[in-house]
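Every number for a ligand or one of its atoms is a count from 1 in the order of the listing.
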Amino acid sequence: MHSRIVAVGDELILGRTVDTNSTWLAQRLAACGCPCAGVQVVGDAEDAIVAAIHAAVADASLVIVTGGLGPTEDDRTRHALARAMDVDLVDDPRAWRQILAWYRRVRPDLTPAASNRRQALLPRGAAILANDRGTAPGLLARLGGARVACLPGVPHEMRAMFDRLADRLPRLLPGLVPPTVGEVWFAGTGESAAQDRLVGVLNEADPMVGITVSDNGHITIRAVGTPAQVRTRLARARRAMRDWLLPAPGLAPSLVGLLTRRRQTITAAESCTGGRIAAALTAVPGASAVLRQAVVAYHGDAKQALLGVPADLLRVHGEVSEETVRAMAEGARRAAGADLAVAASGIAGPGGGSRAKPVGTVWIAACDRRRTIAKLLTSGGDRERIQRHAANQALLLAWQLANG
Ligand code: ATP
Ligand code: MG
């Protein structure tokens with residue numbers, strides 16, 4: 001049993017809005033036991049929406065359409081669904097009452113616009129999905145052998161409506177069995193090295209185990225199946241990757257969790273990463289237990305003033321050097337009175353590189369009370385990637401230091 005997603009909106013095909021609705025929905029649909037077999041993104045043109053709905057219902061049990069339910073003339077999803085079903089659009093008094101109720105509750109100062117009336121139109125035979133966050137009711141219909149649900153485009157409205165629909169899915173789709181999903185996370189070794197160790201765990205014959213590299217520096221192995229299958233597959237994955245396992249999905253959450261348990265604190269001294277290390281740490285709920293402060297010391301003067309990096313050291317070795325990054329970490333740890341510190345200094349480009357220190361040269365360091373470790377990175381890519389990679393690697397170094 002599988003689903004398909006149709007994401008509607010000119011802003012999506014023009015690249016002005018990232019289609020986050022589809023990624024969110026795809027995750028939920030997989031978790032519901034009705035994984036998504038494909039996403040089609042179309043503009044607001046009615047013909048395109050009709051064609052996409054027809055194509056999707058051809059083989060899917062469930063089709064989720066998102067967007068195009070607004071009150072304006074260019075919102076064509078309900079018209080498209082009526083055409084795809086070959087039925088009229090009819091005025092639905094219940095839908096209209098819901099729209100009026102929303103105005104009374106949320107915007108009592110406004111009277112519904114005439115255009116809102118469009119949102120009470122329903123393809124004959126379709127049911128409405130209540131919207132507690134906006135005016136547009138969703139639609140639920142049968143088409144061919146499939147159920148088609150049309151949800152709003154506004155992400156938080158869409159999510160709330162999908163979650164309510166998900167509770168009803170077992171009744172709408174008899175035979176639906178939500179699979180067990182389990183994950184193992186690791187960092188510190190590349191995907192290809194991992195692939196070699198995972199021979200026999202990841203193979204084409206067993207597509208229920210997948211591996212994904214995330215942008216924030218860790219790799220996820222995900223197993224889907226029955227509880228017993230997931231247990232054995234994850235146990236094998238854990239054995240294969242035991243030297244690199246993380247306790248949480250990501251370096252920052254793993255580090256925050258570990259330090260919280262140990263009642264230890266961390267600080268960061270950042271140059272080329274511009275606060276990304278601190279941002280990753282503060283993104284973790286509960287980070288305040290381990291992070292009191294972090295410093296972005298971009299200019300050499302700031303490295304001296306805020307981190308106590310000696311002027312001579314900067315002059316002799318330069319800002320991007322092992323000596324400087326070690327001094328940054330140690331100075332930051334002293335200044336913050338923290339148990340651990342992590343630092344990064346490098347050349348993110350596109351300018352500023354030299355033969356000796358080309359763009360992508362980044363020194364990172366981590367220290368605790370007893371020792372300081374440093375590492376040279378030479379990363380490729382653009383400024384954004386160099387900064388992101390440096391921040392991830394710095395967190396990895398801190399994780400490795402904290403784990404001895
Ligand atoms: P609704 O059905 O809720 O009225 P709509 O498509 O008619 O949705 P729009 O005004 O087009 O409404 O979009 C509302 C907001 O939702 C916009 O900010 C739009 O960028 C965003 N949005 C629409 N579709 C998506 C999507 N697939 N992913 C992320 N954001 C989206
Ligand atoms: Mg739209």
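Annotation: atom 2 (O) of ligand 1 to nearest protein heavy atom, Leu69 N, 2.8 Å. Closest to atom 15 (C) of ligand 1 among all protein heavy atoms lies Val154 CG2, 3.9 Å. Protein heavy atom in closest approach to atom 7 (O) of ligand 1: Asp75 OD1, 2.8 Å. Annotation: atom 20 (O) of ligand 1 to nearest protein heavy atom, Thr17 OG1, 3.1 Å. Remark: minimum distance from atom 25 (C) of ligand 1 to any protein heavy atom is reached at Asn21 ND2, 3.4 Å.
Nearest-residue assignment for atom 5 (P) of ligand 1 (options Cys150, Pro155, Gly68; heavy-atom criterion): Gly68. Of the options Gly9, Gly153, Pro137, Pro152, the smallest heavy-atom separation from atom 31 (C) of ligand 1 is shown by Gly153. If you check each of Gly70, Gly138, Pro71 against atom 4 (O) of ligand 1, the one with the closest non-hydrogen atom is Gly70. Nearest-residue assignment for atom 19 (C) of ligand 1 (options Glu11, His156, Arg133; heavy-atom criterion): Glu11.
Look at Glu270 and Arg276 and you find no salt bridge, because none of the NZ, NE, NH1 or NH2 atoms lies under 4.0 Å from a carboxylate O. Using a 4.0 Å cut-off between a side-chain N of Lys or Arg and a carboxylate O of Asp or Glu, Arg262 and Asp339 do not qualify as a salt bridge. Glu330 and Arg334 are not joined by a salt bridge, as no carboxylate oxygen comes within less than 4.0 angstrom of a charged side-chain nitrogen.
Each of the following atoms of ligand 1 lies closer than 4.0 Å to a heavy atom of Thr20: 28 (N), 29 (C). For ligand 1, the atoms lying closer than 4.0 Å to a non-hydrogen atom of Val18 are 28 (N), 29 (C). Each of the following atoms of ligand 1 lies closer than 4.0 Å to a heavy atom of Leu12: 25 (C), 26 (C), 27 (N).
With Asn131 as the partner, the side-chain hydrogen bond (donor to acceptor under 3.5 Å, both in side chains) test is satisfied by one option alone out of Gln119, Gln98, Glu157: Glu157.
Side-chain contact check for Thr20 and Thr23: no donor-acceptor pair (N or O, by modelled atom type) lies under 3.5 Å. Under 3.5 Å, the side chains of Ser271 and Glu319 contain no donor-acceptor pair of N or O atoms.
An N or O contact shorter than 3.5 Å is missing between Ser22 and ligand 1 by distance.
Residue Asp86 qualifies as open at atom CG: its count of foreign heavy atoms under 6.0 Å is 12 or below.
Between the side chain of Thr135 and the main chain of Ile99, no donor-acceptor pair closer than 3.5 Å is present.
Among residues two or more places apart in sequence or in another chain, the side-chain hydrogen bond (donor to acceptor under 3.5 Å, both in side chains) test is passed with Arg159 by none.
Checking atom 22 (N) of ligand 1 against the protein gives a heavy-atom contact under 4.0 Å. Atom 28 (N) of ligand 1 is approached by the protein to below 4.0 angstrom, counting heavy atoms only.
A heavy-atom distance below 4.5 Å is found between the side chains of Lys303 and Ser345.
Taking a 4.0 Å cut-off on heavy atoms, Asp44 fails to register as neighbouring ligand 1.
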